[in-house]
Amino acid sequence: MKADPEQDRRDLGLLRRGDQDALVRLIGRWERPLFSFAWRYLQNTADARELVADLFVRFYQQRQRLREDTRLSAWLFTTLSNLCHNQVRWRRRHPALSLDVEGGPSWEPADASNPGPAAALSRDEDLAALAGAIERLPHDLKTTLLLHYYGGLSLRETGSVAGCSERGVETRLYRARQQLRAELLAYRSERK
């Protein structure tokens, strides 16, 4: 997603002065990319929706504290990343059965073709293996990977959210790809 920092700053300024329509515009602009990030991080539609709603409540409560030059995309994704990380930690301590079968965004590109049943099953298994491998990445690698590749943020924007330099983002992406490659190679060799 291409952020428009100037529009975000204008809307934040208007919101701070009491313009509720500015909040509606901000939510409309950011709800989908934030939900997409949260769903990919958590793999649970209800939790992702709840955390995004919680994020917007926190944003509204903090609106007066945010500086005029706040890069809203960084603040939103950083806060959501922390909420997701806390949710995963909470889930590990309080395991439950997920009823989330389908309903979140797909891991695959939107332009995927419609293959036959055997190919579709194989693709679904591959996507599940990829999702599982991403799920097992450490928080910093997972967040960086999701923001850059699935969120479409630039290296600079990703670094701003992840709290590291562009070079640090490149390093994290490299490490994430290496870990994913190793896991997926092991998965493929098991399938043979």
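Fair warning: this is a prediction, and the values are worked out from it, not measured in the lab.
Within 6.0 Å of atom CZ in Arg188, 12 or fewer heavy atoms from other residues, nucleotides or ligands are found, so the atom counts as exposed in its surroundings. Other residues, nucleotides and ligands contribute only 12 or fewer heavy atoms inside 6.0 Å of the CZ atom of Arg156. With a 6.0 Å radius and a threshold of 12 heavy atoms from other residues, nucleotides or ligands, Arg177 has its CZ atom above the threshold.
A cation-pi arrangement, defined by a distance under 6.0 Å to the six-membered ring centre and an angle within 45 degrees of its axis, is present between Arg63 and Tyr60.
In terms of the salt bridge (charged side-chain N to carboxylate O under 4.0 Å, His left out) criterion, Asp21 has no residue partners (sequence neighbours excluded). For Asn82, there are no side-chain hydrogen bond (donor to acceptor under 3.5 Å, both in side chains) partners, not counting sequence neighbours. A search for ring-ring contact (aromatic ring centres under 6.0 Å, His included) contacts involving His139 returns Tyr41, His85, not counting sequence neighbours.
Using a 3.5 Å distance cut-off with no hydrogens or angles, the side chains of Gln178 and Arg181 do pair a donor with an acceptor. Counted by atom type alone, Gln7 and Arg10 present one or more donor-acceptor pairs between their side chains at under 3.5 Å. Residues Tyr149 and Arg40 bring no donor and acceptor atom of their side chains to less than 3.5 Å of each other.
For the atom pair CD of Gln64 and CG of Leu15, the computed distance is 7.5 Å after rounding to the nearest 0.5 Å. The line from CZ of Arg175 to OG1 of Thr171 is 6.0 Å long, rounded to the nearest 0.5 Å. Expressed to the nearest 0.5 Å, how far OG of Ser154 lies from CG of Leu147 amounts to 10.5 Å. Distance CG/Leu55 to CZ/Phe77: 9.5 Å, rounded to 0.5 Å. Of the inter-residue distances, the one linking Phe59 atom CZ with Ile27 atom CD1 reads 8.5 Å to the nearest 0.5 angstrom.
If you run salt bridge (charged side-chain N to carboxylate O under 4.0 Å, His left out) between Asp11 and each of Arg29, Arg16, Arg17, only Arg29 comes through.
Taking every heavy atom of both residues into account, Val161 and Ala74 meet most closely at CG2-CA, 3.5 Å. Nearest heavy-atom pair, Ala131 versus Gln43, reported as atom, atom and distance to 0.1 Å: CB-OE1, 4.0 Å. Taking each heavy atom of Leu42 and Cys84 in turn, the nearest pair found is CD2-O, 3.7 Å. Asp47 and Asn44 get closest at one heavy-atom pair: N-OD1, 2.8 Å. For Arg172 against Leu141, the heavy-atom pair with the smallest separation is O-CD2, 3.4 Å. In terms of heavy atoms, Leu180 sits closest to Ile134 at CD2-N, 3.7 Å.
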**Study point:** Stepwise side-chain contact (heavy atoms from CB on, under 4.5 Å) check, Asp19 with Arg25
**Key:** CA-CA 10 Å; Asp19 182 353; Arg25 285 190 300 274; 3.9 Å; yes
